[in-house]
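This report refers to the structure that appears directly beneath it.
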Amino acid sequence: MINARLRSILMGLNDTHVIVEPASSQQLHPEALESFRRLRQDARKAGFEPKVVSGFRDFERQRAIWDAKVSGRRALLDSDGRPLELAKLSPQQLVFAILRWSALPGGSRHHWGTDFDVIDANAVDATYRPQLTPQEVAADGVFGPFHAWLDRCIDSGKSYGLFRPYAEDHGGVAPERWHLSYAPRAREFQRLLTPELLCEQLQACELMLGTIVCDNMAMIFRRFITVPEVCYSRL
């Protein structure tokens with residue numbers, strides 16, 4: 001049985017566990033922030049300037065994204081990044097289409113402050129608005145060189161405790177090379193989060209399509225929320 005404060009941290013219901021990263025004004029778990037600082041120090045020597053563009057996101061922020069996609073106010077994309085027609089999707093198909101690119105409120109790793117999206121600020125000017133797309137992080141993309149450098153760091157054993165939870169496509173969340181996670185603390189949070197806790201929260205807040213989500217929670221939790229243990233153990 002976990003206490004109320006820890007439960008609220010898991011679900012993104014408070015921000016008492018995160019602090020501000022001054023350069024970006026994004027919030028991170030203190031241990032994740034220290035890890036990022038070490039990464040940035042070495043990256044600068046190689047000519048890069050890592051910048052956090054999305055750190056902690058609370059439950060209501062994630063819920064706003066979810067609601068906008070359910071209602072058609074935000075674009076829905078298929079696995080190849082092509083637009084989907086909302087009217088042609090069943091409610092269950094809609095849920096899985098959203099989960100391909102957006103985390104379930106209460107089930108986002110960003111709630112923990114351990115996970116953040118990063119770009120190379122030296123690769124673009126100040127007016128550039130990152131889209132966080134596969135094209136940006138491909139070998140010939142604007143952030144490709146930075147991620148190639150980070151690949152070499154991770155492969156050589158200098159990972160700063162960080163890893164990419166969505167490095168590969170396993171049929172759940174689409175690959176996100178820009179998404180980094182501080183493994184030691186994220187691993188602990190993941191072990192504490194359960195399908196039962198998540199459904200309780202979604203039912204209490206009356207999430208749009210929440211009934212369908214909970215009816216399919218076992219599959220959703222396995223495919224879209226749980227990162228395989230082997231991903232942590234590689235560090």
Side-chain angles (χ1 to χ4, degrees), residues 12 15 17-40 42-44 48-66 68-69 74-75 77 81 98-139 141-151 153-154 159-169 172-183 185-186 189-190 224-225 227 231:
D15 62 359
H17 58 297
V18 292
I19 58 176
V20 173
E21 194 283 302
S24 64
S25 297
Q26 295 290 325
Q27 294 175 294
L28 298 177
H29 188 284
E31 294 174 36
L33 176 53
E34 179 56 31
S35 182
F36 172 70
R37 284 173 174 162
R38 290 189 284 116
L39 162 66
R40 184 171 58 193
D42 287 347
R44 284 172 170 169
F48 304 107
E49 183 61 29
K51 179 182 178 181
V52 178
V53 293
S54 183
F56 169 76
R57 289 201 297 266
D58 67 14
F59 182 92
E60 288 305 321
R61 172 58 182 153
Q62 202 66 43
R63 181 177 183 170
I65 295 171
W66 179 270
K69 292 199 171 185
R74 272 196 175 209
L77 304 176
I98 295 171
L99 290 171
R100 181 69 170 158
W101 295 101
S102 297
L104 182 69
S108 173
R109 298 173 66 90
H110 282 274
H111 293 335
W112 309 336
T114 57
D115 288 50
F116 52 94
D117 301 330
V118 64
I119 66 165
D120 171 26
N122 277 353
V124 294
D125 64 36
T127 63
Y128 183 85
R129 297 188 65 181
Q131 301 301 304
L132 301 180
T133 62
Q135 291 76 21
E136 287 180 320
V137 298
V142 65
F143 303 129
F146 167 67
H147 284 283
W149 173 83
L150 186 54
D151 285 340
C153 289
I154 293 174
S159 68
Y160 313 92
L162 299 170
F163 77 111
R164 294 187 182 95
Y166 308 123
E168 301 173 5
D169 190 348
V173 178
E176 297 183 351
R177 282 170 60 76
W178 55 83
H179 183 139
L180 301 181
S181 178
Y182 180 65
R185 195 61 56 226
F189 286 138
Q190 179 174 298
F224 296 97
I225 297 175
V227 171
C231 294

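- Under the 30°/60° scheme for interplanar angles, the aromatic rings of Phe48 and Trp149 are found to be tilted.
- Distance check: Trp178 CH2 to Leu132 CG gives 6.0 Å after rounding to the nearest 0.5 Å.
- Between His111 and Phe189, the distance separating the two ring centers is not shorter than 6.0 angstrom.
- Side-chain atoms of Val173 and His179, non-hydrogen and from C-beta on, never get closer than 4.5 Å to each other.
- Residues Glu21 and Phe36 meet the side-chain proximity criterion, which asks for heavy atoms closer than 4.5 Å.
- Note that CH2 of Trp101 and CZ of Phe224 are 12.0 Å apart. Values are rounded to the nearest 0.5 Å.
- Residues passing the side chain to side chain donor-acceptor pair (under 3.5 Å) test with Tyr160 are Asp42, sequence neighbours excluded.
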Under the side chain to side chain donor-acceptor pair (under 3.5 Å) rule, what do Arg185 and His17 come out as? Steps first, then yes or no, please.
-> CA-CA 12 Å; Arg185 195 61 56 226; His17 58 297; over 6 Å; no
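- In this structure the side chain of Arg164 reaches within 4.5 angstrom of the side chain of Leu180, judged on heavy atoms.
- Side-chain contact check for Asp117 versus His110: some heavy-atom pair is nearer than 4.5 Å.
- When side chains are defined from C-beta on, Glu31 does not count as touching Glu34, because their heavy atoms never get closer than 4.5 Å.
- Contact annotation: the side chain of Leu28 never approaches that of Phe56 to less than 4.5 Å [non-hydrogen atoms, C-beta and beyond].
- Between Phe143 atom CZ and Lys51 atom NZ the span is 10.0 Å, to the nearest 0.5 Å.
- Between Arg74 and Ile65, some side-chain heavy-atom pair lies under the 4.5 Å cut-off.
- No side-chain heavy atom of Ile154 sits less than 4.5 Å from a side-chain heavy atom of Phe163.
- Between Pro175 and Ala167, the shortest heavy-atom distance links the atoms CB-O, 4.1 Å.
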Do Asp151 and Arg177 pass the side-chain contact (heavy atoms from CB on, under 4.5 Å) test, and can you show the C-alpha distance, the side-chain angles, and the key distance before you say yes or no?
-> CA-CA 10 Å; Asp151 285 340; Arg177 282 170 60 76; 3.2 Å; yes
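- Asp169 and Arg100 are joined by a salt bridge, as a carboxylate oxygen and a charged side-chain nitrogen come within less than 4.0 angstrom of each other.
- Atoms CZ and CD1, on Arg109 and Ile225 in that order, are 11.0 Å from each other to the nearest 0.5 Å.
- When every heavy atom of Val20 is checked against every heavy atom of Leu33, the shortest pair comes out as O-CD2, 4.1 Å.
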